[in-house]
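Numbers restart at 1 for each chain; the letters A, B, ... are given by sequence-line order, proteins then strands. Side-chain atoms are counted along with the backbone in the values below, which use heavy atoms only and exclude waters and symmetry mates.
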Amino acid sequence: MPKRIVIIGGGAGGTITANLLARNLYRQLVSGHVVINMITDKAEHVYQPGFLYVVFDKVRPDEIVRKQKELLDQNINLFVDPAVKIDKENKIVRTQSGKEFPYDYLVIATGSRIVPEDIPGLKEGGHWFYDMEGAKKLRQALKDFPGGRIAITVGVPHKCPVAPLEMTFMLYEYFKQKEMLDKVELFYTYPINRLHSLEPVANWAVPEFEKKGIKSETFFNMEEIDAEKKVVRSMEGSELNYDLLISVPPHKGAPVVAESGLGKDGWIATDKKTLHNEGSDSVYVVGDTTNLPISKAGSTAHFESHIVAERISSEITEGYSETEYDGKVICFVETSFDEATYIWFNYKTPPTPVPPSKMIHWMKLGYNRLYWLSAKGIL
Amino acid sequence: MSVAVDNTIDARGSACPGPTMELIKAMKSSAVGTVVEVLSSDKMTTIDGAAWLKKVGQELVETSDKGGYWSIIAKKIK
């Protein structure tokens with residue numbers, strides 16, 4: 001009987017994990033001693049950080065989409081068939097079509113999704129850039145925008161925590177190039193009492209906002225939107241008028257997680273070092289799906305994938321695994337259309353942003369193209 | 001003071017989104033009556049978290065120095 005590895009989710013975390021496993025376990029796969037089955041709900045793979053560039057016409061939508069099958073090692077079996085039930089007791093995953101996938105090792109990489117419907121009025125009154133449809137709609141709304149106040153609001157929890165700041169700085173550049181800064185007011189809000197979760201980033205952003213005339217309000221958590229009157233009301237009791245609302249909607253995990261009783265709102269209790277689902281040695285969790293208090297970001301999923309692939313490979317070939325996750329996260333931060341900075345941190349090392357430069361921006365643009373090598377487990 | 005906590009979030013070492021954001025996330029997703037505790041390596045969490053709870057009218061139960069880390073306990077009352 002071969003060892004059966006099932007991976008649920010074809011995003012960054014699931015895809016990188018699958019490809020690394022296929023490389024590590026090549027001999028076992030071709031000899032039939034290991035089988036890798038990937039179950040996903042989409043036939044296409046989207047490079048999500050690209051949405052930010054779609055909004056500003058810096059990238060065409062089709063440049064950030066590839067067929068999932070083309071990204072996977074040929075020894076991985078792909079099933080585009082959404083998982084509907086994870087039965088940990090019997091070690092089986094059931095799919096929408098009625099198939100059953102027994103496993104010896106399960107990797108849950110079901111990611112996160114935006115839930116604008118959780119904020120009354122947001123779907124009707126707001127724009128976002130966290131999915132392709134939203135990014136395209138916002139692109140058009142910006143082209144049509146005659147001037148006025150653009151409010152930026154941020155739901156909790158959310159992935160890609162630097163994106164709201166990046167959006168704000170890129171909006172500034174966009175309207176500067178359109179020679180409309182005298183007609184546009186940017187108003188940024190943030191859930192905690194500074195401009196960003198990372199204190200050094202927040203401290204750096206303050207003078208940048210002042211220099212650019214960007215207004216802000218902190219401790220601002222969206223409670224409801226009055227789409228007719230164009231007002232955002234916060235949990236903290238304030239009201240913000242807008243002409244165009246750009247929001248990061250709150251996020252939840254995949255429905256299959258909550259429906260399988262594995263975690264409220266779709267987040268799974270995860271050991272911060274081994275990445276096991278707590279109390280379950282045969283189940284690993286990767287990427288946004290974990291309940292770890294770290295950034296829900298592509299780089300997090302990327303680094304976690306290496307740990308999980310290494311652990312499963314070692315358990316199969318050596319009978320033990322010792323590799324542990326140190327909490328590493330790296331994020332580029334676009335500060336305009338031609339400069340960027342980056343931050344990296346882990347459980348023990350706080351981030352220290354470097355001054356923005358053109359070189360880092362070019363590295364980010366380069367990585368936008370190189371991502372496909374990361375997904376294939378090469379970079 | 002001994003408080004029955006329903007949900008503890010260990011956000012020690014969390015740089016981003018950080019302990020205060022974890023407190024907001026937990027309070028938003030909890031049912032009324034739930035007592036939430038957030039552990040943090042940063043003392044400022046007790047100050048920032050308390051300030052946010054006051055702004056939104058939720059109950060600060062206690063903050064404490066645990067020796068090397070801090071705890072903030074809140075109750076969702078509405």
(request) Report, as yes or no, whether the 6.0 Å neighbourhood of atom NZ on B:Lys75 holds more than 12 heavy atoms from other residues, nucleotides or ligands. (result)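 It does not: B:Lys75 NZ has 12 such atoms or fewer within range.
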(message) Quick check on A:Tyr342: does its OH atom have over 12 non-hydrogen neighbours (other residues, nucleotides or ligands) under 6.0 Å away?
(response)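 12 or below, so no.
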To the nearest 0.5 angstrom, please state how far the [atom1] atom of [X] sits from the [atom2] atom of [Y].
X        : Y        : atom1 : atom2 : answer
B:Met44  : A:Glu199 : CE    : CD    : 7.5 Å
A:Ser295 : B:Met21  : OG    : CE    : 9.5 Å
A:Lys264 : B:Asn7   : NZ    : CG    : 8.5 Å
A:His158 : B:Lys25  : NE2   : NZ    : 11.0 Å
A:Met222 : B:Lys28  : CE    : NZ    : 6.5 Å
B:Arg12  : A:Lys348 : CZ    : NZ    : 12.5 Å

(message) Is the shortest side-chain heavy-atom distance between A:Phe220 and B:Lys55 below 4.5 Å?
(response) no
(request) For residues A:Ile192 and B:Ile24, determine if any side-chain heavy atom of one lies less than 4.5 Å from a side-chain heavy atom of the other. (result)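 Sidechains of B:Ile24 and A:Ile192: in contact.
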(request) Grab the two heavy atoms, one from A:Met235 and one from B:Val56, that are nearest each other, plus how far apart they are. (result) O-CG1, 3.7 Å
(request) Keeping the roles fixed (side chain from B:Ser14, backbone from A:Ile294), state whether a donor-acceptor pair exists under 3.5 Å. (result) no
(message) Between A:Ser197 (side chain only) and B:Pro17 (backbone N and O only), is there a donor and an acceptor less than 3.5 Å apart?
(response)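 Such a contact is found between A:Ser197 side chain and B:Pro17 backbone.
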(request) Specify which of A:Asn221, A:Val162, A:Asp118 makes the most heavy-atom pairs with chain B at under 4.5 Å. (result)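 Heavy-atom pairs under 4.5 Å are most numerous for A:Asn221.
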(message) Does any backbone or side-chain atom of A:Pro191 lie under 4.5 Å from a heavy atom of chain B? Answer side chain, backbone, both or neither.
(response) both
(request) Heavy atoms only, distances under 4.5 angstrom: which of B:Ser29, B:Gly13, B:Cys16, B:Ala11 has the most pairs with chain A? Name it, please. (result) B:Cys16
